[in-house]
Chemist: 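Can you keep this structure in mind? I'll have questions shortly.
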Amino acid sequence: MVNIWNMQFRDLKRQYLALQADIDSAIKEVISSTVFIMGNPVVELEETLAQYVGVRHCVACANGTDALVIALKVWGVGEGDAVFVPDFTFFASAEAVSAVGATPVFVDVDGKTFNINTLDLETKIAETFAIGRLRPKVILAVDLFGLPANYHALQQIANKYQLKVLEDAAQGFGGGIDTRKACSFGDIATTSFFPAKPLGCYGDGGALFTNSDEWATLARSYRMHGKGDNKYDNVRIGMNSRLDTLQAAILKVKFKAFANYELDAVQQIAKRYTDNLHTMVQTPFVPQGFTSSWAQYTIVLDDENHRNNLQNSLKTSAIPSMIYYPKPIHEQAAYGTMVDKPTGCPIAERLCRTVLSLPMHPYLEIDEVDMISAEVAKAISSL
Ligand SMILES: *Cc1c(COP(=O)(O)O)cnc(C)c1O
């Protein structure tokens, strides 16, 4: 029986109950080993994930934000450099750019995929070159809500202007394009193991992926105080950004479930939502050949009132929903004094007023999806 009164937006408790025996024993094993930092599970996890993604190197670190910072440091990106960032994403995508002293240039997104808009990207690159104050260096593309960005087009633009591509796959782990997996598209890619992400741990965690031996070595140095031959040989100013052994051990257990059945389960759930809802509301668009890992299932309403009314109706029926994201990044107070205000990101602004994310996780039952859909349908028909 489905208990709607306990419905969670992302039910981590159900996942834990399904995996409890293995997770508990993995945790106990780490505690008995007392190797809490850089224990064997960290290296084993890195090897497993690199193989799954299909790249040479995975470098685990403390969180997805640090993974972005480390990638930018590896490339020497800093003051005077422009990094092109979608205006509709989680704040960390831009924050990492500012953290290394570079300047984010905000780019509008696509109204159907929610990912970086390649037409506006070329406009913003051309503008940045024309103004001449910043050096264009990196396209930071986000695999928003689990759907990979349009890397085929992005790579062509990167080649044309000699830019690097950084793939922020914090929400995208497990997605793909044709036979290639997310985290393999950027020159460097990053992900996050924050608990609510597609592959989450029991705290903070992150990782960086690359085929470059040189960049992987630099990333391993940056995550451990700029180490040279060892931790006490410091050849650059680095950070303290490692993944705890406990988190790696938990992730090893969770990755098996993720690859064996969770990723399939979210495909079924997303399909059911779309079958139920596509005639009454804009449902997520997944281009031909693309696979989403469904970090979020996000619908778009006609206007802000409809969106807010729908959210309130769902709340009355004890159905949780979230607004990802309520503000475009360029409107965040932290960027309020920014010199380079964007020339406009109208699609990002509209989406912030009209999107609503529905409960989504691999342990959601089809009955529950139908029940949520019925409540959405009822609310929309009375808007
Ligand atoms: C969550 C997230 C991050 C940051 O990851 P943390 O592990 O929370 O630091 C970066 N970018 C995007 C798009 C995210 O969703």
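Just the heavy atoms: all of them, side chains too, but no hydrogens, waters or symmetry mates, feed the values below. In listed order, ligands and their atoms are each counted from 1. Source: prediction; values computed, not measured.
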Chemist: Does any N/O atom on A170 come nearer than 3.5 Å to any N/O atom on ligand 1?
Modeler: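 Looking only at distances, the answer is no, because the N/O contact criterion of under 3.5 Å is not met.
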
Chemist: Near A92, which atoms of ligand 1 are under 4.0 Å from a heavy atom of that residue?
Modeler: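 It comes down to these atoms of ligand 1: 3 (C), 4 (C), 10 (C).
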
Chemist: What about the rings of Y324 and F145, do their centers lie closer together than 6.0 Å?
Modeler: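 That pair fails the under 6.0 Å test.
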
Chemist: At less than 4.0 angstrom from any non-hydrogen atom of S93, what atoms of ligand 1 do you find?
Modeler: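 Under 4.0 Å from S93, ligand 1 has these atoms: 11 (N), 13 (C).
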
Chemist: Look at the side chain of E167 and the backbone N and O of C183, then say whether any donor-acceptor pair between them is shorter than 3.5 Å.
Modeler: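 Looks like yes, one N/O pair under 3.5 Å.
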
Chemist: Which ligand 1 atoms are under 4.0 Å away from a heavy-atom of K197?
Modeler: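 Once the distances to K197 are compared, the set is 1 (C), 2 (C), 3 (C), 14 (C), 15 (O).
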
Chemist: Side chain or backbone of T89 under 4.0 Å from ligand 1, or both, or neither, by non-hydrogen atoms?
Modeler: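 Side chain only.
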
Chemist: Starting from atom 8 (O) of ligand 1, what is the nearest protein heavy atom, named by residue and atom, and what distance separates them?
Modeler: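 Ranking protein heavy atoms by distance from atom 8 (O) of ligand 1, first comes S192 OG, 4.0 Å.
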
Chemist: Side chain to side chain donor-acceptor pair (under 3.5 Å) between Q155 and N159: does it pass, once the steps are laid out?
Modeler: CA-CA 6 Å; Q155 197 55 59; N159 293 346; 3.2 Å; yes

Chemist: Under 4.0 Å from any heavy atom of N63, which atoms of ligand 1 are there?
Modeler: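 Ligand 1 atoms under the 4.0 Å threshold to N63: 7 (O), 9 (O).
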
Chemist: Looking only at heavy atoms of G206, does any of them come nearer than 4.0 Å to an atom of ligand 1?
Modeler: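 Checking ligand 1 against G206, which is what was asked, there is no heavy-atom contact under 4.0 Å.
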
Chemist: Of L68, D204, V69, T65, which has the heavy atom at the shortest distance from atom 4 (C) of ligand 1?
Modeler: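 Among L68, D204, V69, T65, the closest heavy atom to atom 4 (C) of ligand 1 comes from T65.
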
Chemist: Under 4.0 Å from a heavy atom of F90: give me the atoms of ligand 1 that qualify, with their elements.
Modeler: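 This gives 1 (C), 2 (C), 3 (C), 12 (C), 14 (C), 15 (O) as the contact atoms.
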
Chemist: Which ligand 1 atoms does V142 reach within 4.0 Å, using its non-hydrogen atoms?
Modeler: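 Those atoms are 13 (C).
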
Chemist: Given 3.5 Å as the limit, does a donor-acceptor pair link the side chain of D244 with the main chain of F36, or not?
Modeler: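 Checked: no pair found.
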
Chemist: Using modelled atom types and a 3.5 Å cut-off, is there a donor and acceptor pairing between side-chain atoms of D87 and backbone atoms of V107?
Modeler: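 Answer holds: no.
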
Chemist: So is R180 actually on top of F185's ring, under 6.0 Å and inside 45° of the axis?
Modeler: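 Cation-pi check for R180 and F185: fails.
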
Chemist: Rounded at 0.5 Å granularity, tell me how far OG in S373 sits from CG in D275.
Modeler: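 Nearest 0.5 Å value for the OG-CG distance: 9.5 Å.
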
Chemist: Is it the case that the ring center of Y335 lies less than 6.0 angstrom away from the ring center of F106?
Modeler: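 Centroid separation for F106 and Y335: below 6.0 Å.
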
Chemist: Does an N or O anywhere in D168 fall below 3.5 Å from an N or O of ligand 1?
Modeler: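 Between D168 and ligand 1, an N or O pair is found under 3.5 Å apart.
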
Chemist: Students should be able to answer this: which protein heavy-atom is nearest to atom 6 (P) of ligand 1, and at what distance?
Modeler: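 The protein heavy atom lying closest is G64 N, 3.4 Å.
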
Chemist: Does ligand 1 come near enough to D66 that some N or O of the ligand is less than 3.5 Å from an N or O of the residue?
Modeler: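 By distance alone, the answer is no.
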
Chemist: Would one find more than 12 heavy atoms of other residues, nucleotides or ligands at under 6.0 Å from atom CD of Q51?
Modeler: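 Result for CD/Q51: open.
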
Chemist: For Y325, is at least one N or O under 3.5 Å away from an N or O on ligand 1?
Modeler: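 Checking ligand 1 against Y325, no N or O pair falls under 3.5 Å apart.
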
Chemist: Would you say the ring centroid of F173 lies under 6.0 angstrom from that of F193?
Modeler: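 When the ring centroids of F173 and F193 are compared, they turn out to be at least 6.0 Å apart.
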
